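Predicted model only: the values in this text are computed from it and were never measured.
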Amino acid sequence: MAADTSVEMFSKVMENQLLQTAKMMEEQLDAELEKLDKIDEDELERLKEKRLEALKKAQQQKQEWISKGHGEYREIPSERDFFQEVKESKNVVCHFYKDSTFRCKILDKHLSLLAKKHIETKFLKLNVEKAPFLCERLRIKVIPTLALVKDGKTKDYVVGFTDLGNTDEFTTETLEWRLGCADIINYSGNLMEPPSQCQKKCGTHFTKLEKKTIRGKKYDSDSEDDD
């Protein structure tokens with residue numbers, strides 16, 4: 001009888017110990033889960049703060065661009081204004097045009113759309129008859145010509161419509177792609193292929209140009225008017 005009592009007591013002690021151990025393990029597990037939950041909440045809060053900060057900076061940058069004339073396609077009155085405009089902004093597209101040239105009006109339509117879409121870049125137009133000195137320095141001989149200026153230096157030119165498929169019917173997306181190839185706008189598409197099949201049919205040709213200052217004397221194009 002005494003032996004049975006001892007066994008029973010031993011069993012209860014073991015049971016209590018097991019229950020106590022299980023309870024401790026459960027408490028530890030709950031504590032770990034709570035800790036993990038807290039870490040997740042903290043991480044989410046940090047991500048939220050970073051996102052808000054990024055949005056705030058983006059809005060500030062947008063306001064700065066707008067204050068410098070970005071977001072619209074504008075005409076500048078003289079070559080003196082050109083130098084001031086490119087000094088203020090990192091990326092500038094300037095359309096050198098003549099009122100009597102029909103193709104300039106075609107470019108105007110596309111550039112007006114792109115100016116609103118790509119606020120990171122300044123879009124300007126300048127009448128060549130009001131900028132003889134600048135046109136001579138840049139050796140602009142074909143109208144229309146787009147000068148693509150980055151950090152105050154002419155990085156590239158779009159001369160006539162050669163780079164746009166040799167057609168007056170090119171799309172805004174085609175011009176956008178061409179500007180993206182020059183890294184003068186933030187382009188999210190595929191730079192390896194033009195967005196239209198027209199280039200494949202027409203055989204687009206690109207003129208490779210070395211970087212030069214705005215006052216550079218070199219200018220290469222595929223125009224037969226060039227030297």
- request: Of all the heavy-atom pairs spanning F170 and T167, show the shortest one and how long it is.
  value: CD2-O, 3.3 Å
query: Can you name the one residue among R74, K68, R80 that meets salt bridge (charged side-chain N to carboxylate O under 4.0 Å, His left out) with E85?
result: R74
query: Is atom CD of E169 surrounded by more than 12 heavy atoms (other residues, nucleotides or ligands) closer than 6.0 Å?
result: no
- request: Would you check if H95 and L126 make a side-chain contact, meaning some heavy-atom pair closer than 4.5 Å?
  value: no
Value rounded to 0.5 Å, distance of SG in C94 from CD in E79: 11.0 Å
task: Might you point out which heavy atoms bring N186 and E120 nearest each other, and give the distance in Å?
output: N-OE2, 2.9 Å
- request: To the nearest 0.5 angstrom, please state how far the CG atom of L55 sits from the NZ atom of K50.
  value: 14.5 Å
query: Do I184 and W65 belong together in a cluster built from hydrophobic side chains that touch within less than 4.5 Å?
result: no
- prompt: If you measure from OG on S67 to NZ on K62, what distance do you get to the nearest 0.5 Å?
  reply: 13.0 Å
statement: Heavy-atom nearest pair, H118 first then F123, reads O-CE1, 3.8 Å
message: Just so I know, are the side chains of T145 and R139 near enough to count as touching, which here means a heavy-atom distance under 4.5 Å?
response: no
query: Any idea which heavy atoms bring Y73 and A115 closest together, and the distance?
result: N-CB, 3.7 Å
- prompt: Roughly how far, to the nearest 0.5 Å, is the CD atom of E75 from the CG atom of D108?
  reply: 8.5 Å
query: What distance separates W177 CH2 from L175 CG, expressed to the nearest 0.5 Å?
result: 11.0 Å
- prompt: Do the side chains of L164 and I185 join up, straight or via other hydrophobic residues, at under 4.5 Å, putting them in one cluster?
  reply: yes
message: With a 6.0 Å cut-off (strictly less than), is the heavy-atom count around NZ of K105, excluding the residue itself, greater than 12?
response: yes
query: Do you reckon Y97 sits in the same ILVMFWY cluster as V149, going by side-chain contacts under 4.5 Å, direct or chained?
result: no
message: I'd like to check K57 versus Q61 (side-chain heavy atoms, cut-off strictly below 4.5 Å). Are they in contact?
response: no
- prompt: Quick one: does T121's side chain get under 4.5 Å of L179's, heavy atoms only?
  reply: no
message: Could you see if I143 belongs to whatever hydrophobic cluster contains F82? Use Ile, Leu, Val, Met, Phe, Trp, Tyr and a side-chain cutoff under 4.5 Å.
response: yes
statement: Heavy-atom closest pair (N91 atom, D183 atom, distance to 0.1 Å) is OD1-O, 4.2 Å
message: Just verifying a value: how many Å separate F96 CZ and L134 CG, rounded to the nearest 0.5 Å?
response: 4.0 Å
task: Check whether any side-chain heavy atom of L52 lies under 4.5 Å from a side-chain heavy atom of K56, and answer yes or no.
output: no
message: Any heavy-atom pair between the side chains of H110 and I106 that's under 4.5 Å?
response: yes
- prompt: Of the non-hydrogen atoms in I66 and I119, which two are nearest, and what is the gap between them?
  reply: CG1-CD1, 3.6 Å
- prompt: Going only through I, L, V, M, F, W and Y residues with side-chain contacts under 4.5 Å, is there a path from L124 to I140?
  reply: yes
